[in-house]
Amino acid sequence: MRPGKFLLLLLSAWALLALAISAARISGLPFGYLDKVWLGLGILLTIAALIDAFRPGPLNQKLSIERELPGSLGLGVNCKARAVLHNQLPRELTLILAEAPSDKLNIKQLPVKLRLKPNQKSEVLYSVIPTDRGVETLQEFIVRVDSPWLLWQHKIRIGNHSTVKIYPNFSPIAHIAALGVEQHVRQLGIHLSQRRGEGMEFKQLREFIEGDALRQIDWKTTARQRKPISREYQDERNQEIFFLLDCGRRLRHKDGELSHFDHALNAILLTAYIAIRQGDSAGFASFAGQERWLSPVKGSMGVNRLLNLLFDLQSTLENSDFLQVAEKFQARHRRRSLVIIVSNIREEDSEDLIKATRLLSKSHVVMVASLREHLLDETLNRPATNFSDSLAYAATHQFMAERQQVLHKLVNAGVVVVDSLPEQLHIRLVNEYFRLKRSHRL
């Protein structure tokens, strides 16, 4: 409980009256009767304040608030929430409604001031923007209610706790669900090479189209139909794609609102979804801090299982041991797969990473997806106008050259390498996935 504005105004007037009486005494004016008036007003104000302080009664029983909010949210996605208030008191309420502070949610359009008539219901709409992944519990609403005579503001907590799960931004997945895979990946800027009859699995018979190879023609069906009929094939299905995500310090850098780690999760989710839609299965393992494992899954529930596994996964400050990860993976998963290692590769990783990819390449097709910071590109593209700029350019150039040497060693060892800015990673991963499938390397 705290004093209301009206009580502060009355106290200010009472204090000014005391100053006026003091000034009258100093000047010798005959206003001595004002002492009793001032004292009487102070007593009346004190009595009124005490009565008003204890008049509200059990507000939390007579004022109810219900929160309406989805149980799952997407990182950085603006979500509308609703608070439904019901005043069951026989008097009008003036109140200020607010949510308790949250570590993982940015709450907009609150606090808000309301007037509720007796037995009136009212709705308040506000925005909730997740700023971090994981599980978050919203506490009771914080309400400041004016007392009947407006002398006090009572602070109370009303409502129930609400637990929400904050997932990586899955809006691209929700969008792709309404479209065909090929149509959507073209919207993303992914190029699908034109192929007719080049897959390994038979799909259907169709009329001959100009550009079809002669070996595609089904001569028996052509004879029966008396028109050219071609066999159409599709990419092989039931293949496996496995993501190895570095949870160490390498992906903690932020370019904008999302960290590199969050961009990596978004890219993994989208690529896994497309792979599952293509009839393949997707698995996941994390290392360097938080170790989680999901054996390859497929079907409509596969992405849901992947989401629930990694939605609260966080990066750590630990170093990454690529060789140890490769040895563990080889011991646990033998079937030939496309293994995608997602990290931020540096020159000091060279020896360890080369050994790890050589070990994995004995049984799998290996891809290394390396994210790089925007600052590196910006420094190299910025004109050097002073000595400090020149030093920064030289250091960045050397760092990038050493980094490229590591990536070239990987390419020479037969590893597929994706070197990408964070926001472009999902496009690059999907592109390489389709390229590998259509080149029959899987």
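Small disclaimer: the values here were computed from a predicted structure and weren't measured.
- The ring-ring contact (aromatic ring centres under 6.0 Å, His included) search around Phe141 returns none, not counting sequence neighbours.
- Scored by the side-chain contact (heavy atoms from CB on, under 4.5 Å) test, Val418 finds Met367, Ala369, Ser420, Leu425, Arg428, Glu432 as partners (sequence neighbours excluded).
- Remark: Arg82 engages Glu68, Val84, Glu123, Leu125 in a side-chain contact (heavy atoms from CB on, under 4.5 Å) (not counting sequence neighbours).
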Distance-only check: which donor-acceptor pairs under 3.5 Å involve side-chain atoms of residues 110-118, not counting sequence neighbours?
residue : atom : partner : partner atom : Å
Arg115  : NH1  : Glu92   : OE2          : 3.2
Arg115  : NH1  : Thr94   : OG1          : 3.2

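- With sequence neighbours excluded, the residues satisfying salt bridge (charged side-chain N to carboxylate O under 4.0 Å, His left out) with Arg403 are Asp419.
- Remark: the Arg67 side chain and the Ser162 side chain contain an N/O donor-acceptor pair separated by less than 3.5 Å.
- Atom CD of Gln330 has more than 12 neighbouring heavy atoms from other residues, nucleotides or ligands inside a 6.0 Å radius.
- For His260, the ring-ring contact (aromatic ring centres under 6.0 Å, His included) test picks out His253, with sequence neighbours left out.
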Could you list the donor-acceptor pairs under 3.5 angstrom formed between side-chain atoms of residues 384-391 and any protein atom two or more places apart in sequence or on another chain?
residue : atom : partner : partner atom : Å
Thr385  : OG1  : Asp389  : OD2          : 3.0
Asn386  : OD1  : Ser388  : N            : 3.2
Asn386  : OD1  : Asp389  : N            : 2.8
Asp389  : OD2  : Thr385  : N            : 3.3
Ser390  : OG   : Asn386  : O            : 3.1

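- With no hydrogens or angles considered, a side-chain donor-acceptor pair links Asp146 and Gln153 at under 3.5 Å.
- Judged by distance alone, the side chains of Tyr433 and Gln278 never bring a donor and an acceptor atom under 3.5 Å apart.
- Every ring-ring contact (aromatic ring centres under 6.0 Å, His included) that Phe311 has, sequence neighbours left out, goes to Tyr167.
- Looking at Ser320 and Asp246, their side chains do bring a donor and an acceptor atom within 3.5 Å of each other.
- Judged by distance alone, the side chains of His161 and Gln139 do bring a donor and an acceptor atom under 3.5 Å apart.
- A donor-acceptor pair shorter than 3.5 Å cannot be found between the side chains of Ser286 and Glu291.
- In terms of the side-chain contact (heavy atoms from CB on, under 4.5 Å) criterion, residue partners of Leu16 (sequence neighbours excluded) are, by chain and number, Leu19.
- Applying the ring-ring contact (aromatic ring centres under 6.0 Å, His included) criterion to His333, with sequence neighbours excluded, gives Phe242, Phe329.
- Partners of Trp293 under the side-chain hydrogen bond (donor to acceptor under 3.5 Å, both in side chains) rule, at least two apart in sequence or in another chain, are Ser295.
- Using a 3.5 Å distance cut-off with no hydrogens or angles, the side chains of His397 and Glu402 do not pair a donor with an acceptor.
- For the side-chain contact (heavy atoms from CB on, under 4.5 Å) test, residues two or more places apart in sequence or in another chain that qualify with Ser259 are Lys254, Phe261, Asp262.
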